[in-house]
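Have a look at the structure below before the remarks.
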There are 2 protein chains.
Amino acid sequence: MDFDAKFGNCPIYYTISKIEGKWKWVILYKLYKCKVMRYNRLWDDLQPIAHRTLSKQLKELEADGLVHREQYNEVPPKVEYSLTKDGETLTPILDMMSQWGERHINPRPEVSND
Amino acid sequence: MDFDAKFGNCPIYYTISKIEGKWKWVILYKLYKCKVMRYNRLWDDLQPIAHRTLSKQLKELEADGLVHREQYNEVPPKVEYSLTKDGETLTPILDMMSQWGERHINPRPEVSND
DNA sequence: CAGGATCCTCCACGATACTG
DNA sequence: CAGTATCGTGGAGGATCCTG
C-alpha cells in the first residue's frame, strides 16, 4: 500500500487498509477460533464466498504476514491455514469486534420493561 | 443490512458490515479523539476524501446510531458531529486498531542494535 | 482437494459543479 | 458553511469452468 504522509497521524487507517476486504476479518477470526483450517473447510464456513475471493484474500493475508499456509505434498492435496505470530496480535481486536457484534445484533434484552 | 442466518454465528461479520466503508473507522476515530467536529474540519482532516463520500458515510453512521449530528440554525450554517453513547462503545476497538497500526507502520524499533 | 483462469457485474468512491 | 446533484470509473467481488 502506498501510505503517504497524510496519514502518518492516522495509524488506524493503516490497519483498516491492511485488512481491507469483505471477508478478511472473518477469515482471521475463523483461524483464530479454529487454530488450523483446511481450504475447503474455510470455504464451507464462509458461504457464500467465491473461490476467487477466498483464495485471493488468503493470499493477501499471507503476503502481509498475518496468515500461514502449510502445504503438504500429498494426493489429494492438503493445505492448512493458520494465524502467524503477527496475525495473533490481532486477536484482541477480533474478540472485541465479535463481542460488539453480539451485543448489537439483538435488541438489548436488559432494558425490556414490557 | 440483510443479515441472514448463515452469519448468526459470525457476530464479527455483523460488526464489519455495520462499519463498512473506506473511511468510517477513521471518521469514528477522529470524532473519538476530537470529541466534536464541524463538517469542514472533518473534511479537511480526511483529505483526500470527496464530499459525497464523507457526507454519505456520516449519514450512514448517523442512521446506525453511532454518530450524532447537531445542527444549529444559523447563517452561515453550523453542524457538529460527535459520537453517540453507542458509538463510544467502539472506542476500545478504535484504540486497539490505532495501536496495532502504530506498531506495524514502522519496522520495530526495539530490535535496532546498530 | 485446493485452487487458477475467465468473464462479468455492480456499486463504492471520486471529481466537479451547484445551492440554501 | 454544509452539504446535494450528476456523472463517471476502477476494481473488488461473484459465477462458472477447468486442472494438477
Side-chain angles (χ1 to χ4, degrees), chain A residues 1-4 6-7 10 13 16-28 30-31 34 36-64 67-82, chain B residues 1-4 6-7 10 12-13 16-28 30-31 34 36-64 66-82:
Chain A
M1 235 255 314
D2 163 41
F3 202 72
D4 66 296
K6 264 300 183 192
F7 297 109
C10 259
Y13 191 84
I16 60 158
S17 302
K18 200 96 189 175
I19 317 196
E20 201 171 71
K22 193 172 174 181
W23 301 92
K24 281 190 184 171
W25 287 103
V26 190
I27 292 171
L28 291 169
K30 284 286 176 192
L31 293 181
C34 302
V36 171
M37 294 184 87
R38 299 182 60 172
Y39 178 87
N40 272 328
R41 178 66 206 291
L42 207 41
W43 186 76
D44 255 33
D45 274 26
L46 295 171
Q47 280 317 299
I49 193 178
H51 278 305
R52 171 173 152 61
T53 305
L54 177 56
S55 98
K56 196 183 166 205
Q57 306 215 351
L58 277 172
K59 233 174 204 165
E60 288 172 9
L61 288 168
E62 193 193 353
D64 282 332
V67 162
H68 173 69
R69 179 179 183 275
E70 186 69 37
Q71 175 173 355
Y72 302 86
N73 283 329
E74 306 174 356
V75 181
K78 176 178 174 183
V79 176
E80 289 182 339
Y81 290 93
S82 57
Chain B
M1 236 258 310
D2 163 40
F3 202 72
D4 66 297
K6 264 298 181 191
F7 297 109
C10 258
I12 201 174
Y13 191 84
I16 60 158
S17 302
K18 199 97 189 176
I19 317 195
E20 201 173 71
K22 192 172 173 180
W23 301 93
K24 282 189 184 170
W25 287 103
V26 190
I27 292 171
L28 291 168
K30 284 285 177 194
L31 293 180
C34 302
V36 171
M37 294 184 88
R38 299 182 60 172
Y39 178 86
N40 273 327
R41 179 64 207 290
L42 207 40
W43 185 77
D44 256 33
D45 273 27
L46 295 171
Q47 280 319 297
I49 192 178
H51 278 305
R52 175 172 151 60
T53 306
L54 177 56
S55 100
K56 196 183 166 206
Q57 306 215 351
L58 277 171
K59 232 172 206 166
E60 289 172 9
L61 288 168
E62 193 192 353
D64 282 333
L66 300 176
V67 161
H68 173 69
R69 179 179 182 274
E70 186 69 37
Q71 174 173 356
Y72 302 86
N73 283 328
E74 307 174 354
V75 180
K78 176 177 173 182
V79 176
E80 288 182 339
Y81 290 93
S82 56

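Lettering of chains follows the sequences in order, A, B, ..., and the numbering in each one begins at 1.
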Trace of the side-chain contact (heavy atoms from CB on, under 4.5 Å) decision for A:Ile49 with A:Gln47: CA-CA 5 Å; A:Ile49 193 178; A:Gln47 280 317 299; 3.9 Å; yes
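- Taking the six-membered ring for Trp and the full ring otherwise, the centers of A:Trp25 and B:Tyr13 sit at least 6.0 Å from each other.
- At the phosphate of C:dA2, OP1 or OP2 sits under 4.0 Å from a side-chain N or O atom of A:Arg38.
- Taking for each of B:Leu54 and A:Pro76 the nucleotide of DNA chain C with the nearest heavy atom, the 5'-most of the two is the partner of A:Pro76.
- Contact annotation: B:Tyr81 reaches the phosphate of D:dG3 (side-chain N/O to OP1 or OP2, under 4.0 Å).
- Contact between the side-chain N/O atoms of A:Trp23 and the OP1/OP2 oxygens of D:dG14 is found at a separation under 4.0 Å.
- Between the CD atom of A:Gln57 and the P atom of C:dG3 there is a distance of 14 Å, rounded to whole Å.
- Using a 4.0 Å heavy-atom criterion, one finds that A:Lys59 contacts the sugar-phosphate atoms exclusively.
- Look at CG on A:Leu61: it is 15 Å from C1' on D:dA12, rounded to the nearest Å.
- One can place CZ of A:Arg69 at 12 Å from C1' of C:dG4, the figure rounded to the nearest angstrom.
- For B:Lys22, no side-chain nitrogen or oxygen approaches OP1 or OP2 of C:dA12 to under 4.0 Å.
- In this structure, of C:dG3, D:dG13, C:dA15, it is C:dA15 that holds the atom nearest to the side chain of B:Arg52.
- More than 12 heavy atoms of other residues, nucleotides or ligands lie within 6.0 Å of CZ in B:Arg69, so this atom counts as buried by the packing criterion.
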Worked check of side-chain contact (heavy atoms from CB on, under 4.5 Å) between B:Lys18 and B:Asp64: CA-CA 8 Å; B:Lys18 199 97 189 176; B:Asp64 282 333; 3.4 Å; yes
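- Between the NZ atom of A:Lys56 and the P atom of C:dC7 there is a distance of 17 Å, given to the nearest Å.
- With rounding to whole Å, A:His51 atom NE2 is found 17 Å from C:dT6 atom P.
- Using a 4.0 Å heavy-atom criterion, one finds that B:Pro77 contacts the bases of the nucleic acid, with or without backbone contacts as well.
- In this entry the distance linking CD1 of B:Ile16 with C1' of C:dA12 reads 16 Å, nearest Å.
- Protein atom CG of B:Leu46 is 15 Å distant from nucleotide atom C1' of D:dA2, rounded to whole Å.
- Counting non-hydrogen atoms under 4.0 angstrom, A:Arg41 reaches nothing in the nucleic acid.
- When heavy atoms are screened at a 4.0 angstrom cut-off, A:Tyr72 is found touching no nucleic acid atom at all.
- Closest contact between the side chain of B:Ser55 and the listed nucleotides C:dG14, D:dG14, D:dG3 involves D:dG3.
- Listed nucleotides D:dT6, C:dA5, D:dC1 differ in distance to B:Asn40; the shortest reach to its side chain belongs to D:dC1.
- Whole-Å rounding puts the B:Glu20 CD to C:dC10 P distance at 17 Å.
- Ring orientation note: the planes of B:Tyr39 and B:Tyr81 are tilted relative to one another, at an angle of 30° to 60°.
- If you check every strand for non-hydrogen atoms under 4.0 Å, A:Glu60 touches nothing.
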